[in-house]
2 protein chains.
Amino acid sequence: MVEQAHIADTAALLNSALAPSRRIVHAGEAVYQAGIGFTHLHFAHSGAFKVVNLAQDGREQIVGLKFRGDWLGLDGIANGVYACDAVAMDTGELWSFRYDALLAACAQQPALLTALHQAMGLQMAQSRNSLMSVCTLPADARVANFLHEWALALQARGLRTDQIALRLTRAEIGNHLGMTLETVSRALTLLSRMQLIAFPVKGRRDIAIPDIDGLDDFVQDSLAGLGPVLH
Amino acid sequence: MVEQAHIADTAALLNSALAPSRRIVHAGEAVYQAGIGFTHLHFAHSGAFKVVNLAQDGREQIVGLKFRGDWLGLDGIANGVYACDAVAMDTGELWSFRYDALLAACAQQPALLTALHQAMGLQMAQSRNSLMSVCTLPADARVANFLHEWALALQARGLRTDQIALRLTRAEIGNHLGMTLETVSRALTLLSRMQLIAFPVKGRRDIAIPDIDGLDDFVQDSLAGLGPVLH
DNA sequence: CGTGTTATTGACGACCCTCAAAATGGGTGG
DNA sequence: CCACCCATTTTGAGGGTCGTCAATAACACG
């Protein structure tokens with residue numbers, strides 16, 4: 001898993017083995033775009049990013065969210081062309097590497113290859129879990145599970161989880177979870193009524209999570225046949 | 001993408017660089033199981049396999065289907081433990097490699113690393129597409145899209161697509177696509193009534209697909225707002 | 001302070017899930 | 001070879017969840 005210490009190790013390894021080109025990106029800025037040739041992988045040193053998959057027929061979906069320690073651009077490996085758009089959700093720093101240079105460095109530094117493969121494996125695991133969430137959980141539980149995972153991701157990186165900034169609109173959350181924005185909104189008010197989340201005094205974009213495990217309990221409860229307590 | 005020629009190249013490469021341990025598996029036999037330590041990757045030289053993701057709470061879902069040329073066991077890379085069960089759906093031959101030996105060989109043979117990464121990239125692409133299918137398509141179109149992709153997978157491997165053996169129950173298809181077995185059944189009868197698929201004289205387990213592109217047209221039509229022609 | 005985007009909430013309807021029954025086919029033993 | 005059994009599939013009827021449409025409210029921006 002991604003942990004604070006593990007991220008620092010990887011960063012040090014990258015610094016010693018290669019000369020990363022650092023790049024500051026701002027909210028809304030594209031890291032790369034679907035369709036352009038795949039040349040670089042990007043290591044997120046800070047920031048938050050969304051990865052949007054594009055189909056030929058125009059459908060688009062947010063398939064991943066990336067934070068410090070995650071890699072961006074893996075979707076370009078399969079076909080030599082990026083399959084997704086990657087967009088910064090706030091200011092962040094990226095370390096970019098030519099893919100061929102990275103592979104060459106991996107030949108010298110086995111630990112580098114291990115780190116890269118773990119990142120790829122982690123991405124596959126996240127995809128599996130997303131699919132299972134969408135296929136097996138009702139809408140409310142899906143939102144709860146989404147928030148739970150977001151909080152865990154922040155926690156693993158040593159960030160505060162009692163007050164998190166989603167940086168996604170209800171429509172984007174719904175797009176990612178396979179439901180409409182209205183359903184997202186209703187789920188959030190339900191969770192808030194159940195005291196599993198809370199909105200700060202002003203604005204409903206940020207969310208406070210008093211008890212992370214409570215969200216997971218809610219998910220497990222909705223699996224237990226009978227809907228969760230309270231309507 | 002996976003193509004017949006590409007598979008042969010990879011197989012030759014594996015043979016020259018390593019001494020794969022060959023293994024014949026039969027329908028229903030487990031290739032590996034979730035929870036056991038990750039040691040080997042398995043290259044499918046022939047056969048058909050299902051990959052079943054297991055959650056701690058007991059939920060399970062078919063997250064992937066593998067054929068000749070695909071790799072099995074990638075789900076173990078992230079945590080050093082397999083995250084899924086892999087089960088043979090009919091008789092097939094696997095070439096198994098110790099992961100560490102494979103990595104060592106990759107250091108000598110860059111082409112081997114490229115092949116491995118492409119396989120990983122392909123798996124990520126398939127996961128993205130599964131997620132998008134579940135999140136953006138109505139049930140009928142999801143089934144049509146599923147059959148379309150299955151047919152394309154067989155086609156890319158030089159197998160006949162006019163008569164394919166699914167080897168999955170309706171319940172398993174539904175589990176994979178996020179719907180109930182009844183919905184799968186109804187979707188299949190609809191597609192059959194529309195002449196997009198046909199059942200052979202005896203048994204409804206095998207499916208004939210007269211026109212592969214017709215299935216994709218059906219998917220596109222159901223995206224165009226108004227439901228497909230015919231009810 | 002005004003305007004446009006985003007979010008909330010309600011009413012209604014459609015799609016799909018649930019429950020149930022019948023039919024088909026594969027497999028086994030007589 | 002046939003009869004039987006059981007898993008799988010089909011098909012129907014009804015209900016619940018979530019999508020659609022719409023109006024209102026809250027917020028962010030200049």
Side-chain angles (χ1 to χ4, degrees), chain A residues 27-28 59 62 89-90 133-147 165-193 197-207 221-228 230-231, chain B residues 27-28 59 89-90 133-144 146-147 165-193 197-207 221-228 230-231:
Chain A
R59 282 177 293 164
I62 297 176
M89 295 195 295
D90 72 344
S133 168
V134 170
C135 285
T136 65
L137 296 181
D140 295 334
R142 235 139 75 204
V143 173
N145 187 54
F146 168 75
L147 293 175
L166 283 187
R167 303 174 199 286
L168 288 175
T169 66
R170 304 290 189 260
E172 286 175 313
I173 297 172
N175 169 280
H176 180 230
L177 298 179
M179 65 188 73
T180 61
L181 65 97
E182 293 93 332
T183 301
V184 175
S185 181
R186 281 186 248 266
L188 288 175
T189 56
L190 171 67
L191 293 175
S192 138
R193 263 199 276 271
I197 63 173
F199 294 110
V201 277
K202 275 196 179 285
R204 302 187 182 78
R205 209 65 176 269
D206 292 9
I207 291 183
D221 285 353
S222 42
L223 284 174
L226 9 83
L230 205 81
H231 303 269
Chain B
R59 283 177 294 164
M89 296 194 296
D90 71 347
S133 169
V134 170
C135 285
T136 65
L137 296 181
D140 295 334
R142 236 139 73 204
V143 173
F146 168 75
L147 294 175
L166 284 188
R167 304 175 196 287
L168 289 176
T169 66
R170 304 290 189 259
E172 287 174 313
I173 297 173
N175 170 280
H176 181 230
L177 298 178
M179 66 187 74
T180 60
L181 65 96
E182 293 94 330
T183 302
V184 174
S185 180
R186 281 185 248 268
L188 288 175
T189 55
L190 171 67
L191 294 175
S192 142
R193 263 199 274 273
I197 64 173
F199 293 110
V201 277
K202 274 195 180 283
R204 302 187 181 77
R205 209 64 178 268
D206 293 9
I207 291 185
D221 286 354
S222 43
L223 285 173
L226 8 84
L230 205 80
H231 305 268

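Each chain gets a letter, A, B and so on, in the order the sequences are listed, and its residues count up from 1. Computed from heavy atoms alone, side chains included, the values below leave out hydrogens, waters and symmetry copies.
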Taken to the nearest whole Å, CD1/I197(A) to C1'/dT8(C) is 13 Å
Per atom distances to the A139(A) side chain, the nearest of dT8(D), dC18(D), dT6(C) is dC18(D)
Whole-Å distance, L190(B) CG to dT10(D) C1', equals 14 Å
### Query
Contact class for R205(A) vs. all strands (heavy atom < 4.0 Å): base, sugar-phosphate, or nothing?
sugar-phosphate
I'd like to know if the side chain of R167(A) reaches the main chain of A27(A), judged simply by a donor and an acceptor atom lying under 3.5 Å from each other, with no hydrogens or angles considered.
no
Comparing T183(A) with V184(B), nearest DNA chain D nucleotide closer to 5' gives the residue V184(B)
Picking from dA7(C), dT24(C), dT11(D), the nucleotide nearest the side-chain atoms of R170(A) would be dA7(C)
E182(A) atom CD is separated from dT17(D) atom C1', nearest whole Å, by 14 Å
dist E172(A):CD -> T169(A):OG1 (nearest 0.5 Å) comes out at 4.0 Å
note: D206(B), atom CG; dT9(D), atom P; distance rounded to Å ~ 12 Å
To the nearest 0.5 Å, atom OG of S192(A) lies from atom CD1 of I207(A) at 9.0 Å
To the nearest angstrom, the CG-C1' distance between L166(A) and dT6(C) comes to 14 Å
(request) Indicate, with a heavy-atom threshold strictly under 4.0 Å, whether G178(A) touches base, sugar-phosphate, or nothing. (result) sugar-phosphate
Side-chain contact check for F199(B): nearest option of dC19(C), dT8(C), dT10(D) is dT10(D)
Rounded to the nearest 0.5 angstrom, the CG-CZ distance for L177(B) and R142(B) is 6.5 Å
Notebook entry, point to check: Does R186(A) get its side chain close enough to the base of dT20(D), under 3.5 Å, for a donor-acceptor pair?
Noted result: yes
Between CE of M179(B) and P of dC18(D) the distance, given in whole Å, is 16 Å
note: L137(B), atom CG; dC16(C), atom C1'; distance rounded to Å ~ 15 Å
Here the gap from I173(A) atom CD1 to L188(A) atom CG, rounded to the nearest 0.5 Å, amounts to 6.0 Å
Considering only heavy side-chain atoms of T189(B), the closest of dG19(D), dT10(D), dA22(D) is dT10(D)
Note to self: So for R193(B) and dT11(D), does any side-chain atom that can act as donor or acceptor lie under 3.5 Å from a complementary atom in the base?
What the structure shows: no
Between CG of D140(A) and P of dC18(D) the distance, given in whole Å, is 6 Å
Just to be sure I understand the rule, does L181(A) reach a base, reach only the sugar-phosphate, or reach nothing, if contact means heavy atoms closer than 4.0 Å? base
